[in-house]
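Every number for a ligand or one of its atoms is a count from 1 in the order of the listing. Just so it is clear, the structure is predicted and the values come from calculations on it, not from any experiment.
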Amino acid sequence: MPLLTIGSAAYDTLETPFGFRERSLGGSGVYASFAASFFTESRLIGVVGGDWKPEYSGLLRSRGVDLEGLETRENEKTTYWSGRYFDDMNQRETLLFEGNVMSETYIPIVPDSYKNTPYVFLGNGSPVTDVALLDSIAKPKLVVADTMDFYINGMKKELLDLLTKIDGLIVNDGEATLLTGERNFLFAAKKILELGPKFVVIKRGEYGASYISENEIYLVPAYPTMNVVDPTGAGDAFAGAFMGSLAESGDLSAESVKTALLYATVVASLNVEGFSLERFQFVTRAEIDKRAAEFRKILV
Ligand code: AMP
């Protein structure tokens, strides 16, 4: 079943212990919609400026990502983010974020062909934008959102409103703590469930990820790769693959959720093996399935 993703399409300047890239392809919507495209029909809503490189759209289209919802505003500038990773690549600092064309009050234009999409993923972006999107489409079968410190700190009220309108939330452990004040991820998850979502997925870096609902908890460890080059977009790729796999299964059974967690972990591990989408763009579903099968074998 088709999946609609909304999120940033951005230029990223990246510095990791393995190198440097200037104005490379990035953005939460880009990583997530690309990751989802391995599993299901993937549609992207976002906005870019007149400086957007057409070859970046070409790269997304080459995997079949539907870009009818990617608006170009010729007289504005594309969203820009720059970040630096420390020797411990679990740690990074944002050097600069310029929303530019994707302001905190950006209202998306939704093509008619997207309005009945059954699965919706709200990638990192303003909660005001997310609510506007939900208000302009038919009620989806499943709506899941991601968020980050920028919006938890800056738009808490709007974010709390969004949480009452979604089925699931995907965050990392730091974001879960920031949102709830709880350090223990189980306590944090419990508090998030009280804010509206029926389930929460907490990503815990090298410790893996957990899916928690009122009556379920599933845990998956991180895939052990020795080739981490650039962690940017790992969270977005995880979320996109998780949603894409759920959309492919078409239900929220225990089996489907576990499969989605496994695929999300594997896809995130492939994404971090190159800067930007340099490696990710050449990944195939066969490669994902091969790594997923190897991963299943080593799980206890
Ligand atoms: P991740 O590494 O999964 O946290 O995602 C990093 C991606 O999110 C980068 O490609 C950035 O362009 C994008 N990003 C960074 N800050 C923001 C923000 N405030 N809103 C939307 N996207 C962002």
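- D251 and S253 are linked by a side-chain donor-acceptor pair at a separation below 3.5 angstrom, with hydrogens and angles left out of the test.
- Checked against a 6.0 Å centroid threshold, the rings of Y11 and W52 count as neighbours.
- Using a non-hydrogen distance threshold of 4.0 Å, Y80 does not register as a contact of ligand 1.
- Linking Ile, Leu, Val, Met, Phe, Trp and Tyr whenever their side-chain heavy atoms come within less than 4.5 Å puts M148 and L160 in one cluster.
- Close placement of the F97 and F150 rings is indicated, their centers lying within 6.0 Å of each other.
- Ion pairing between E98 and R23 fails under the 4.0 Å rule for side-chain N and carboxylate O.
- For the pair E278 and R21, the salt-bridge criterion is met [side-chain N within less than 4.0 Å of a carboxylate O].
- Within 6.0 Å of the OH atom in Y207, the count of heavy atoms belonging to other residues, nucleotides or ligands does not exceed 12.
- For ligand 1, the atoms sitting less than 4.0 Å from at least one non-hydrogen atom of T232 are 2 (O), 6 (C), 9 (C), 10 (O), numbered in the order shown with element in parentheses.
- If you look at A237 next to ligand 1, there are no close heavy atoms at all, none under 4.0 Å.
- The atoms of ligand 1 that sit less than 4.0 Å from any heavy atom of A10 are 12 (O).
- Where the criterion is an N or O separation shorter than 3.5 Å, residue side chain and backbone included, G27 meets it with respect to ligand 1.
- Nearest protein heavy-atom neighbour of atom 14 (N) of ligand 1: S8 OG, 4.3 Å.
- Seen from the ring of Y223, R296 does not count as a face-on cation partner, given the 6.0 Å and 45° thresholds.
- Numbered from 1 in the order shown, with element, the atoms of ligand 1 that lie under 4.0 Å from a heavy atom of G233 read 1 (P), 2 (O), 3 (O), 5 (O), 6 (C).
- Here is the list of ligand 1 atoms found below 4.0 Å of a heavy atom in G235: 3 (O).
- No continuous path of hydrophobic side-chain contacts links V101 to L44 [ILVMFWY only; heavy atoms under 4.5 Å].
- Just one of K190, K191, K198 meets the salt bridge (charged side-chain N to carboxylate O under 4.0 Å, His left out) condition when paired with E194; it is K190.
- Among protein heavy atoms, atom 20 (N) of ligand 1 sits closest to Y151 OH, 2.7 Å.
- No N or O atom of M148 sits closer than 3.5 Å to an N or O atom of ligand 1.
- Scanning all protein heavy atoms for the shortest distance to atom 17 (C) of ligand 1 gives F97 CE1, 3.4 Å.
- A salt bridge links R279 with E287: the distance from a Lys NZ or Arg NE/NH1/NH2 to an Asp or Glu carboxylate oxygen falls below 4.0 Å.
- Regarding atom 3 (O) of ligand 1, its nearest protein heavy-atom neighbour is D236 OD2, 3.0 Å.
- Any N or O atom pair closer than 3.5 Å counts here, and F150 shares no such pair with ligand 1.
- Each of the atoms 10 (O) of ligand 1 lies under 4.0 Å from some heavy atom of G26.
- Counting protein heavy atoms only, atom 21 (C) of ligand 1 is closest to N124 O, 3.3 Å.
- Scanning all protein heavy atoms for the shortest distance to atom 11 (C) of ligand 1 gives D12 OD1, 3.5 Å.
- Of the protein's non-hydrogen atoms, R92 NH2, 2.9 Å is the one closest to atom 4 (O) of ligand 1.
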